[in-house]
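Below, each value reflects all heavy atoms present in this structure, side chains not excepted, and no hydrogens, waters or symmetry copies. These figures come from a predicted structure and were not determined experimentally.
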There are 2 protein chains.
Amino acid sequence: MSNLAKPNLRRRARVEINECGMAQSAFVFGDKWILLIMREAFYAVVRFEDIQKDLSIPRAILTNRLGRLIDLGIMTKQPYQEAGARVRHSYHLTLKGRKAFKILAAMMEWGDEYLIQNPKMQIVDGTTKSHLRLGLINELGQEVPQKQIALEPKR
Amino acid sequence: MSNLAKPNLRRRARVEINECGMAQSAFVFGDKWILLIMREAFYAVVRFEDIQKDLSIPRAILTNRLGRLIDLGIMTKQPYQEAGARVRHSYHLTLKGRKAFKILAAMMEWGDEYLIQNPKMQIVDGTTKSHLRLGLINELGQEVPQKQIALEPKR
DNA sequence: TTATCTAGGTTCAAATGTCAAACTTAGCAA
DNA sequence: TTGCTAAGTTTGACATTTGAACCTAGATAA
């Protein structure tokens, strides 16, 4: 009772949910199946059956989430035809979807650090094969360490 | 029918869910309330009532998710005491939780680009006030453009 | 011709999760 | 004694998720 922590309980000015990109993103990416389906897409798994088997996702859920991703403009459904088969469909990331890569990359870094024993995959520069990691970069192109960052209202 | 897209349908070797940090992270962060509660934590909102009001989250759900975050080691519950009041509790990110900042930062960038009209908040260097953004950085400390990256098995 | 296979779905009933609103509890103050 | 507040718990209606079975259209096989 004597040495209780004395945190600063002064509350920041409330940042409205609907004016905050972080909060709005939470409504899109705050769903495990959405994230796992996007993982498949980044791993170039594009067919309904393949995604379904990889993830063991209930078929109705996969249909639902692919629909949601298409409505959001994150993925598209494209027809294709293999020799001796009828037209089928495959699912691909749009630019908007590919732009979400850093979200998945950040999850990969964190998961590899805290949830996985020895990770199998890594993010590399495709040309040099140099291993890549995420960093917060200032306007001069220099990385800024975590402890130095702050969340502030725009000027 | 003539000019159907001809995507590469060759499937990558399957990356097992339980050997993939990205997939395992999806089970943690693939929940909108978990993400929104962590947002509150990064915005220094630490009390049950304050979080509940900011997010309009059902109280039972908030209790459940705070418990989950504590079990995961992402947050801790700390006692504190204000003058003329009994001991209360506040919720804080652990190091493990703070290390997830880049996940939220990536969501903020994406959400500010695609979901929000004019964003109110930004990530800055606390000392220089320079605006920060996320980038993929190679071993030389240089940023590598999106189109150049690849996901590969570890050597 | 009839049957079989496959990709990409629907449909179903049971289990689980979410929600808002009401209730609970402990300590403090009037 | 009564009321207030922070931090929950309980309740019962409603929505979502799940696995398993079913459906459908083209292609080929018998």
Would you call A:Glu49 and A:Arg59 a salt bridge, using N to O less than 4.0 angstrom?
yes
Nearest whole Å is fine: how far is C:dG9 C1' from A:Leu66 CG?
11 Å
Which nucleotide, C:dG9, D:dA7, D:dA27, lies nearest any side-chain atom of A:Lys77?
C:dG9
Could you check how far CG of B:Leu62 sits from P of D:dA6, rounded to whole Å?
14 Å
By nearest-nucleotide position on DNA chain D, the 5'-leaning member of A:Arg59 and A:Gly84 is A:Arg59
Residues 110-148 of chain B vs ring pair (Phe, Tyr, Trp, His ring centres under 6.0 Å), sequence neighbours excluded, gives A:Phe29-B:Trp110, B:Trp110-B:Tyr114
Between CZ of B:Arg86 and C1' of C:dA26 the distance, given in whole Å, is 5 Å
Any side-chain N or O of A:Lys53 under 4.0 Å from OP1/OP2 of C:dT6?
no
Mark yes or no for a side-chain to base donor-acceptor pair under 3.5 Å between B:Arg88 and D:dA7, with no hydrogen or angle criteria applied.
no
Electrostatic pair B:Lys32-A:Asp31, nearest N-O below 4.0 angstrom:
no
Distance check needed: C:dT18 P versus B:Leu55 CG, whole Å only.
15 Å
When you measure from the side chain of A:Glu109 to the backbone N and O of A:Leu134, does any donor-acceptor pair fall under 3.5 Å?
yes
Find the distance A:Gln81:CD to C:dG8:P and express it as a whole number of Å.
13 Å
I need the CD-C1' distance between B:Glu82 and D:dA6, as an integer number of Å.
11 Å
Please enumerate all protein N or O atoms sitting under 3.5 Å from an N or O of nucleotides 15-17 of chain D, with distances to 0.1 Å.
residue : atom : partner : partner atom : Å
D:dT17  : OP1  : A:Arg65 : NH2          : 2.7

Quick check on D:dG8: is either OP1 or OP2 less than 4.0 Å from any side-chain nitrogen or oxygen of B:Tyr91?
yes
The criterion is side chain to side chain donor-acceptor pair (under 3.5 Å); which residues satisfy it with A:Glu19, sequence neighbours excluded?
none
How many Å lie between CD on B:Gln52 and C1' on C:dA22, as a whole number?
14 Å
Can you figure out which of D:dT5, D:dA7, D:dT18 approaches the side chain of A:Ala60 most closely?
D:dT18
Electrostatic pair A:Arg88-A:Glu82, nearest N-O below 4.0 angstrom:
no
Could you tell me whether A:Glu139 and B:Arg133 have a side-chain N and a carboxylate O separated by less than 4.0 Å?
no
Distance, rounded to the nearest Å, where A:Arg47 contributes CZ and C:dT6 contributes P:
13 Å
